[in-house]
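Structure first, commentary second.
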Amino acid sequence: MKYWLMKSEPSTYSIDDLKRDKKTAWEGVRNYQARNFMRDHMKRGDHVLFYHSNATPPALVGLATVCKESYPDPSQFDPRNKYFDQKATPEKPIWYLVDICFEEKFETPLSLEQIKNIRGLEKMLVVQKGSRLSVQPVEKKHFEHIVTMLSKHKGK
DNA sequence: GCCAACGTTGGC
DNA sequence: GCCAACGTTGGC
């Protein structure tokens, strides 16, 4: 079982959107490192911290799970899509994604500012300066720390 | 293979 | 809106 953090701008796709949809395809990731995590390492049942970037304040806002393992991102083949990639073909896809399913919206988000100031979480990738990765691994101890603090389903 | 120019991310 | 920190592109 692995743990991840996925970023989304709430104006693009928020935790409330995921709550409504129950499930979503994580389209539009165009960074190789993030792609590799999704394509090669994210497994069904892995836990995901949902993060709002470019938000006021930027914060962890909920939990999701990986509910479908990697497959080619369909948006790369669609010329009308903003994520269209001319170099990609269905025979040779470049970009991959996973589906994630809604688990929980935190009653109280955990802001980036708070994470920086909580002893034990200050080493998380997301608070490192210049960490722009939109899909990133999270250490088990960090995940559990956060779930213990925020989740209704503590310690599962 | 280097690296300058450019584009993007995301906190502030 | 600014800009630092990255990642990507493409000429050489």
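Note: hydrogens, waters and symmetry copies are ignored here, and every other heavy atom, side chains too, is used.
- For the pair Gln86(A) CD and dT8(C) P, the interatomic distance rounds to 18 Å; values are reported in whole Å.
- To the nearest angstrom, P of dT8(C) lies 10 Å from CG of Leu133(A).
- Relative to the side chain of Lys129(A), the nucleotides dG11(B), dT8(C), dA4(C) differ in distance, and dA4(C) lies closest.
- The CD-P distance, from Gln114(A) to dG11(B), rounds to 14 Å in whole Å.
- When each of dG7(C), dG10(B), dG11(B) is scored by its nearest atom to the side-chain atoms of Gln33(A), the top-ranked nucleotide is dG7(C).
- Looking at Tyr3(A), Tyr32(A), Trp4(A), Tyr96(A) one by one, the single match for ring-ring contact (aromatic ring centres under 6.0 Å, His included) with Phe37(A) turns out to be Trp4(A).
- Glu122(A) places a side-chain N or O within 3.5 Å of a backbone atom of Gly120(A) that can act as its donor or acceptor partner.
- Between the side chain of Arg132(A) and the base of dT8(B) there is at least one donor-acceptor pair of N/O atoms closer than 3.5 Å.
- In this structure, Leu112(A) atom CG and dG10(B) atom P are separated by 11 Å, rounded to whole Å.
- Residue order along DNA chain C, read from the 5' end via each residue's closest nucleotide, puts Asn54(A) first among Lys87(A) and Asn54(A).
- Remark: C1' of dG7(C) and CZ of Arg35(A) are 14 Å apart, rounded to the nearest angstrom.
- Taking every side-chain heavy atom of Tyr32(A) into account, dT8(C) is the closest of dC6(C), dG10(B), dT8(C).
- Side-chain proximity of Ser134(A) to dG10(B), dT8(B), dT9(C): nearest is dG10(B).
- Taking atom CG on Asn31(A) and atom P on dG7(B), their separation rounds to 18 Å, with Å as the unit.
- As a whole-Å value, the separation of Met6(A) CE from dG10(B) P is 13 Å.
- Checked for salt-bridge contact, Arg20(A) and Asp17(A) meet the test: a charged N lies under 4.0 Å from a carboxylate O.
- Between Arg30(A) and Ser75(A), the side chains place a donor N or O and an acceptor N or O closer than 3.5 Å (distance only, hydrogens not considered).
- Salt bridge present: Arg80(A) and Asp78(A) bring a charged side-chain N and a carboxylate O closer than 4.0 Å.
- The distance from atom CD of Gln128(A) to atom P of dA5(C) is 14 Å, rounded to the nearest whole Å.
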